[in-house]
Asker: 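Dropping the structure in here first, questions after.
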Amino acid sequence: MIETVRTLSELRDSISAHRQAGRRIGLVPTMGALHEGHLALVDIASNHSEVVAVSLFVNPTQFAPGEDLDRYPRDEDGDKAKLESRGTSLLWAPDPQEMYPDGFATSVHVDGPSQGLETDHRPHFFGGVATVVAKLLLQVLPDVAVFGEKDYQQLQVIRRLVRDLDIPVEVIGGPTIRETDGLAMSSRNAYLSKEHRAVAPSMKRIIDDAGKQVLAGGDPQATEDAAGAALLAAGFEKIDYVAIRNADSLAKVSQAEVKEGSPLRVLAAAHLGTTRLIDNVNPRANN
Ligand code: PAF
């Protein structure tokens, strides 16, 4: 049976009982509306720990006014049933007042990997993510915490946060889980109309092709531009970015660095109607 806790004092009691029993704790932070991508992260956490805690909190501070906070899908009962079937022990589901009590006045700013890409289009986003993730890690004090590679820049920001603040947790990135047609699983896919759902998988094909082209000697900037045009031709309505970056630092790469074997990631964000999709691939691996 999964134990659901909604207050910090209940969470601390539960965590300290597990600690006293000498159990390793794994945390999977989520905003709920769970799909197989999240459950794969839960499976990774259970391979690295004896107690898997999942947080379910739709974090208001990572949404800008006018974004989808109010319509973000919520299904706590459904999420609980899925988590129970994967052996989760603890569900940490605070309400916003518990997480951000009156007078809350602290925010965590990570520089470095948070520059550019998502920040150019959602400037509020990583401040909200870094603050809530720092809180979640300090609340649960897990041995390991698992985050999806689907949000690749977020994963790099969290790795930087944990290193810079000396938070004693091992961060593990879980591979992106895809639908059979290649679309990366995301809670926001539920917003897609039938027509947009048919267009969405082309993002993965286009960033795969961009990766192949740059590995074959293509100029990174020209390849990014061509991939942006290909997304528009496929039916995406607005392109936020296609970017070929160093996979560790997220800095731009030259063709000389590609040839020298630098780790690479191709990342994209684009809009279909009111839905914004992001995806990324490692062109040096089969994914
Ligand atoms: O990736 C997410 O679902 C969220 O950004 C996270 C890490 C749970 C923080 O709210």
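Order of listing sets the numbers, starting from 1, for every ligand and every atom in it. Note that the coordinates shown come from a computational prediction; the quantities given were computed from them, not determined experimentally.
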Asker: Under 4.0 Å from any heavy atom of T30, which atoms of ligand 1 are there?
Answerer: 8 (C)
Asker: What is the nearest protein non-hydrogen atom to atom 5 (O) of ligand 1, stated with its residue, atom name and distance?
Answerer: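 Answer, as residue, atom name and distance: Q154 OE1, 2.8 Å.
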Asker: Report the distance from atom NE2 of H35 to atom OG1 of T30, rounding to the nearest 0.5 Å.
Answerer: 9.5 Å
Asker: In terms of ring plane angle, is the pair Y100 and F57 parallel, tilted or perpendicular, where the classes change at 30° and 60°?
Answerer: tilted
Asker: Can you get from V129 to V54 by hopping between Ile, Leu, Val, Met, Phe, Trp and Tyr side chains that sit under 4.5 Å apart?
Answerer: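 The answer is no; the residues belong to distinct hydrophobic clusters.
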Asker: For atom 3 (O) of ligand 1, what is the closest protein heavy atom, and at what distance to 0.1 Å?
Answerer: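 Protein heavy atom with the smallest distance to atom 3 (O) of ligand 1: M31 CG, 3.7 Å.
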Asker: Would you say the side-chain atoms of E118 and Y241 include a donor-acceptor pair closer than 3.5 Å?
Answerer: yes
Asker: Which of the atoms in ligand 1, numbered in the order shown and given with their element, are less than 4.0 Å from a heavy-atom of V132?
Answerer: 9 (C), 10 (O)
Asker: Using a 4.0 Å cut-off to any heavy atom of P29, which atoms of ligand 1 qualify?
Answerer: 8 (C)
Asker: Any idea which protein heavy atom is nearest atom 10 (O) of ligand 1, and the distance to it?
Answerer: Q62 OE1, 2.7 Å
Asker: V28 pairs by side chain to side chain contact (heavy atoms under 4.5 Å, CB included) with which of L56, I172, L39, V42?
Answerer: V42
